[in-house]
Amino acid sequence: MKHWRIDEVAWDRFDPSKVDPALIPLVKAAAMVERNGTDYAIYLNRVFADDLDFRQAADHWAEEEVQHGDALGKWATLADPSWDYHAAFARYKAGYHLPLDAEASIRGSRTGELIARCMVETGTSSYYTALGEAAQEPVLKQICRNIAADEFRHFKLFYDHMRRYLARENIGLLRRLRIAASRITESEDDELAFAWHCGNAPEGQAYEHASCTAAYMAGATAFYRFRHVERGMGMIFKAVGLPPRGRLSDLSAKVAWRLLQWRRQRLTQRLAA
Ligand SMILES: [Fe+2]
Ligand SMILES: [Fe+2]
């Protein structure tokens with residue numbers, strides 16, 4: 001059972017006068033990545049081939065992710081009626097491929113795969129919380145709230161399964177930290193940058209990774225506040241097995257906040273150049 005359905009969103013409350021134009025390209029890009037959840041479920045079904053419980057949970061998870069894409073896509077179409085969600089997603093699907101033929105996790109273990117999933121859900125839950133708080137347009141606010149709540153539940157889902165595998169696979173803290181860190185740095189890989197391109201570049205324009213990453217990251221990080229980073233850091237700590245609240249987590253959140261602002265400044269300069 002999904003926790004909400006697209007037709008329960010109060011679409012009739014859409015108010016074009018309250019749309020922040022800076023949010024539209026971010027919503028378009030996010031719709032691409034979310035809609036692609038079914039592909040990730042195919043990969044997870046292969047990696048966890050003999051774990052029926054988890055495979056069922058992964059299929060259900062993917063349905064929710066696809067709904068995130070469809071809700072964001074529908075909102076972006078209201079905000080920009082000239083935008084074609086399905087055509088944009090078709091471009092994304094044709095150009096971005098997950099390793100669907102994998103026999104084992106690209107993270108080296110099932111625990112590692114689930115830690116990486118926890119990092120993604122940490123990122124999405126804080127992102128949609130930040131977007132939802134920044135949005136003035138009531139429908140987008142509602143969608144982002146619904147999605148953020150799903151993403152927090154997804155974190156818990158992957159975390160619980162991760163704990164089960166950790167007891168079996170016994171991956172050390174350093175390796176868990178390395179997996180978490182490498183998944184976080186992948187946020188500047190093609191998955192998001194290409195989604196930005198497909199969601200926003202005119203048809204026929206060539207994909208340029210650096211400028212798309214800069215546009216996406218500079219746009220997205222503008223809406224973060226310290227509290228989002230602080231909460232996200234607690235989730236990262238929890239996922240790798242460190243105390244989510246305490247001096248180390250506080251300090252890491254402060255460092256991450258500084259890094260985020262520094263990175264944003266660099267990317268904004270790169271865009272201006
Ligand atoms: Fe999602
Ligand atoms: Fe999610």
Side-chain angles (χ1 to χ4, degrees), residues 1-6 8-9 23 25-45 47-48 54-76 85 88-89 92-93 96 98 105 107 112-135 139-162 179-180 183-184 186-187 189 191-196 198-199 216 219-220 223-224 228 231-232 234-236 238-239:
M1 273 285 282
K2 286 178 188 153
H3 290 85
W4 57 282
R5 292 198 325 269
I6 278 204
E8 290 165 354
V9 173
L23 283 168
L26 292 172
V27 171
K28 289 175 177 173
M32 304 291 98
V33 182
E34 296 281 350
R35 184 76 177 74
N36 212 26
T38 35
D39 263 13
Y40 213 91
I42 295 172
Y43 162 78
L44 287 175
N45 267 280
V47 171
F48 292 86
F54 180 76
R55 287 176 57 182
Q56 254 177 8
D59 287 341
H60 176 73
W61 160 83
E63 273 178 45
E64 295 195 335
E65 299 297 9
V66 170
Q67 174 166 278
H68 297 171
D70 289 345
L72 294 164
K74 184 168 175 172
W75 182 86
Y85 167 49
F89 181 67
Y92 185 65
K93 187 121 178 109
Y96 181 75
L98 288 162
S105 170
R107 311 286 161 188
E113 180 61 43
L114 293 165
I115 289 173
R117 294 322 304 164
C118 285
M119 293 306 105
V120 173
E121 304 297 347
T122 298
T124 53
S125 56
S126 48
Y127 185 47
Y128 292 111
T129 303
L131 290 193
E133 286 174 11
V139 178
L140 183 60
K141 214 172 188 49
Q142 185 192 5
I143 296 171
C144 287
R145 267 197 207 130
N146 287 352
I147 297 180
D150 281 349
E151 311 296 21
F152 282 115
R153 277 189 292 269
H154 294 165
F155 174 90
K156 168 117 181 41
L157 165 78
F158 291 125
Y159 176 79
D160 289 344
H161 283 280
M162 186 275 290
I179 292 163
R183 184 60 191 88
I184 292 166
E186 282 168 29
S187 58
D189 283 2
E191 185 179 32
L192 300 178
F194 189 58
W196 174 275
C198 295
Y216 179 76
F223 295 99
Y224 276 95
H228 307 125
R231 186 167 186 183
M235 292 166 79
I236 294 170
K238 186 176 165 143

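The figures here come from the full heavy-atom set of this structure, side chains too, leaving out hydrogens, waters and symmetry mates. Note that the structure is predicted; figures quoted are calculated from it, not measured. In each ligand, atom 1 is the first atom listed, and ligand 1 is the first ligand listed. We're numbering straight along the sequence, starting at 1.
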Check your understanding: Just checking, is any N or O donor in the side chain of Tyr128 or Asn146 under 3.5 Å from an acceptor N or O on the other one?
Key -> no

Considering only N, O or S atoms, which atom of [X] is nearest to the Fe ion (ligand 1)?
X     : value
His68 : ND1
Glu34 : OE1
Glu65 : OE1

Practice item. Enter the distance from Glu121:CD to Leu157:CG here, rounded to the nearest 0.5 Å. Key: 8.0 Å

Review point. Is Glu121 close enough to the Fe ion (ligand 2) to have an N, O or S atom under 2.8 Å?
Key: yes

Review point. Can an N, O or S atom be found in Glu151 less than 2.8 Å away from the Fe ion (ligand 2)?
Key: yes

Check your understanding: In His154, the N, O or S atom nearest to the Fe ion (ligand 2) is which?
Key -> ND1

Point to revise | Heteroatom N/O/S of Glu64 within less than 2.8 Å of the Fe ion (ligand 1) | key: no

Review point. Taking side chain as C-beta onward, heavy atoms only, is Tyr92 less than 4.5 Å from Arg35?
Key: no

Check your understanding: Does the ring center of Phe194 lie less than 6.0 Å from the ring center of Tyr96?
Key -> no

Review point. Step by step, would you call Phe155 with Phe152 a ring-ring contact (aromatic ring centres under 6.0 Å, His included)?
Key: CA-CA 5 Å; Phe155 174 90; Phe152 282 115; 8.2 Å; no

Check your understanding: With a 4.0 Å cut-off, would you call Lys74 and Glu34 a salt bridge?
Key -> no

